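Working notes for the structure below.
All chains are named by letter (A, B, ...) in the order of the sequence lines, taking the proteins before the strands, and each is independently numbered beginning at 1. Keep in mind the model is a prediction, meaning the values are calculated, not measured.
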2 protein chains.
Amino acid sequence: MDMSTVSEIDIDQLAASQLKSIKQRYTKNRRQLIAILLEATKPITINQILESDSELAQSSVYRNLAILEQAGLVVRIITNDDHAHYELAEHILDHHHHIICSPCGEILDFHLSAKIEKALESSLKKIADDFGFSIDRHRLDLLGTCGDCIE
Amino acid sequence: MDMSTVSEIDIDQLAASQLKSIKQRYTKNRRQLIAILLEATKPITINQILESDSELAQSSVYRNLAILEQAGLVVRIITNDDHAHYELAEHILDHHHHIICSPCGEILDFHLSAKIEKALESSLKKIADDFGFSIDRHRLDLLGTCGDCIE
DNA sequence: CCTATAATAAGAATGATTCTCATTATTGCA
DNA sequence: TGCAATAATGAGAATCATTCTTATTATAGG
């Protein structure tokens, strides 16, 4: 299997189709956001997006990320950091979790072994049933301090 | 084992001692916050705290919850909801995770079986090492829709 | 009982995010 | 291809949870 679950060409089709299903267009700005998130390889903030492309208007970035999130293409990640982080949804990347540095706010992706992930999922399914919840997804975060911030 | 890891009497001693270690006093307001969180049995928002005791000043509640968090007595929980939720730290309650209803913002606690929790922890320890992270804690959230919001 | 120091609380300030609305782009149809 | 009709854009205003300021009040320790 190659690096990503979905090839870059397919992403455009996927994005167009998922946006269409909520009656939204796949515009130049939205295409650009997807491209930036794809290059980032880790969750990034709105400020980082604005720095990486000075053509983008802040208000449009906020609005379009919200729309991409509604379309299920992008996930917004909230931590104790002031700024939200954004990354592509798991069916575009793959299922993973986040390791978060509390001092600097950086977020990196990590993967659980298939075995533990599976055991966890089946546990969680049972728990959701017990609570009468309908589950969308789970998230697992590791909170601590990265090597750079330890010194 | 009884309902909580630490009995109510011990909490006062614990709170006093943990506050002292960061040179803070265990005042009437802070005692009251601990009591409210203990009664809540689930994570609650600042608004809910203010509603439950009209004597408390909003600014003091914010400040004191931040201090209780620094002392390691309280945990602040951030979700996609606008309002942060607060609950007592895990050495006062016990280690647990959160099931979150996206529509209404409600948060409930759940427990993983000891077996899976243990397997997960040892996995996470290895991953933290690989990343050169020093880990404080992990958190696992189940995101979905509660029974009340499904109808 | 004093005095120094910390905590309190009312309201102002901050800042990420959301909203407004006039302008610009796009789509579908003739 | 040209023309509405409709959607997207972007600049700046508004919102609102949270944090900060500061004058007042409480507390601890000699």
Side-chain angles (χ1 to χ4, degrees), chain A residues 12 15-36 43-71 73-86 102 104-105 107, chain B residues 12 15-36 43-71 73-86 102 104-105 107:
Chain A
D12 276 344
S17 133
Q18 289 187 227
L19 281 166
K20 195 169 190 179
S21 77
I22 60 163
K23 299 198 196 327
Q24 295 285 342
R25 297 175 185 165
Y26 191 32
T27 64
K28 191 178 152 211
N29 275 349
R30 295 172 189 173
R31 205 179 291 267
Q32 174 66 351
L33 285 175
I34 296 279
I36 290 172
I44 54 177
T45 64
I46 300 245
N47 283 345
Q48 290 173 313
I49 290 172
L50 292 172
E51 281 162 17
S52 77
D53 181 348
S54 55
E55 297 296 300
L56 293 171
Q58 188 188 55
S59 61
S60 299
V61 172
Y62 271 104
R63 177 166 27 74
N64 283 325
L65 285 173
I67 286 166
L68 291 172
E69 194 187 11
Q70 283 169 45
L73 292 161
V74 160
V75 176
R76 182 184 188 192
I77 301 162
I78 305 283
T79 65
N80 287 293
D81 197 36
D82 274 343
H83 308 282
H85 288 66
Y86 293 84
S102 304
C104 73
I107 306 180
Chain B
D12 277 343
S17 133
Q18 288 187 229
L19 281 166
K20 195 170 189 179
S21 75
I22 60 163
K23 300 199 194 327
Q24 294 285 345
R25 298 176 184 162
Y26 191 32
T27 63
K28 189 177 154 212
N29 274 351
R30 294 172 189 173
R31 205 178 291 266
Q32 174 66 351
L33 285 175
I34 296 279
I36 289 171
I44 54 176
T45 64
I46 301 246
N47 283 344
Q48 290 173 313
I49 290 172
L50 292 173
E51 281 163 15
S52 77
D53 180 349
S54 56
E55 297 296 300
L56 292 171
Q58 188 188 54
S59 62
S60 299
V61 171
Y62 272 103
R63 179 172 24 75
N64 283 323
L65 284 174
I67 286 166
L68 291 172
E69 193 187 12
Q70 283 169 45
L73 291 162
V74 160
V75 177
R76 181 185 188 189
I77 301 161
I78 305 284
T79 66
N80 287 293
D81 196 37
D82 274 343
H83 308 283
H85 288 66
Y86 294 85
S102 303
C104 73
I107 306 180

For A:I78 and D:dA17, what is the distance between atoms CD1 and P respectively, to the nearest whole Å?
-> 15 Å
Whole angstrom value for the distance that separates C1' of D:dA17 from CD1 of B:I49 = 14 Å
Atom-pair distance (CD on B:Q58; C1' on D:dC20), nearest Å = 13 Å
Name the nucleic acid region contacted by B:T27, choosing base, sugar-phosphate or nothing; use a 4.0 angstrom heavy-atom cut-off, strictly under.
-> sugar-phosphate
So do the side chains of B:N47 and B:I49 get within less than 4.5 Å of each other, counting heavy atoms only?
-> no
Rounded to whole Å, OH of B:Y26 lies from C1' of D:dA28 at a distance of 18 Å
Rounded distance in Å - NZ (B:K20) to P (D:dT27) | 17 Å
Looking at side-chain heavy atoms only, is the closest gap between A:Y86 and A:V75 below 4.5 Å?
-> no
Has A:Q24 got a side-chain N or O lying under 4.0 Å from the OP1 or OP2 atom of D:dA8?
-> yes
Quiz item: A:S59 side-chain donor-acceptor pair to D:dA11 base, under 3.5 Å | yes
Could you pull out all residues at least two apart from B:D53 that satisfy side-chain hydrogen bond (donor to acceptor under 3.5 Å, both in side chains)?
-> B:Q32
Report the distance from atom NZ of B:K23 to atom P of D:dA28, rounded to the nearest whole Å.
-> 16 Å
Write down the atom of A:R25, the atom of A:L19, and the distance for their closest heavy-atom approach.
-> O-CD1, 3.6 Å
Is there a side-chain contact between B:L33 and B:L68, using heavy atoms and a 4.5 Å cut-off?
-> yes
DNA chain D contacts made by residues 62-71 of chain A, counting heavy atoms under 4.0 Å = A:R63, A:N64
Between D:dT6 and A:R25, is there an OP1 or OP2 to side-chain N/O distance shorter than 4.0 Å?
-> no
Search all heavy atoms of A:I36 against all heavy atoms of A:L56 and return the closest pair with its distance.
-> CD1-CD1, 3.9 Å
Indicate yes or no: at least one non-hydrogen side-chain atom of B:V74 is less than 4.5 angstrom from one of B:I67.
-> no
Opening and closing nucleotides of DNA chain C in contact with chain B, under 4.0 Å to non-hydrogen atoms | C:dA6 to C:dG11
Straight-line distance of B:L73 CG to B:N64 CG, nearest 0.5 Å | 11.5 Å
Is the shortest heavy-atom distance from the side chain of A:V61 to the side chain of A:Q58 under 4.5 Å?
-> no
Of all residues at least two apart in sequence or in a different chain, which pass the salt bridge (Lys or Arg N to Asp or Glu O under 4.0 Å) check with B:R31?
-> B:D12
Atom CD of A:Q32 to atom C1' of D:dG10: distance rounded to whole Å?
-> 16 Å
Axis-to-axis angle for the helix from C:dC1-D:dG30 to C:dA30-D:dT1, ends of five pairs each, to 10°, equals 40°
Check: A:H85 side chain, A:H83 main-chain N or O, donor-acceptor pair, under 3.5 Å = yes
Residue set satisfying side-chain hydrogen bond (donor to acceptor under 3.5 Å, both in side chains) with A:S60, at least two apart, ordered chain then number -> A:R63
Whole-Å distance separating the CD1 atom of B:I46 from the C1' atom of D:dC16 | 14 Å
Between B:H83 and B:K28, whichever has its closest DNA chain D nucleotide further toward 5' is B:H83
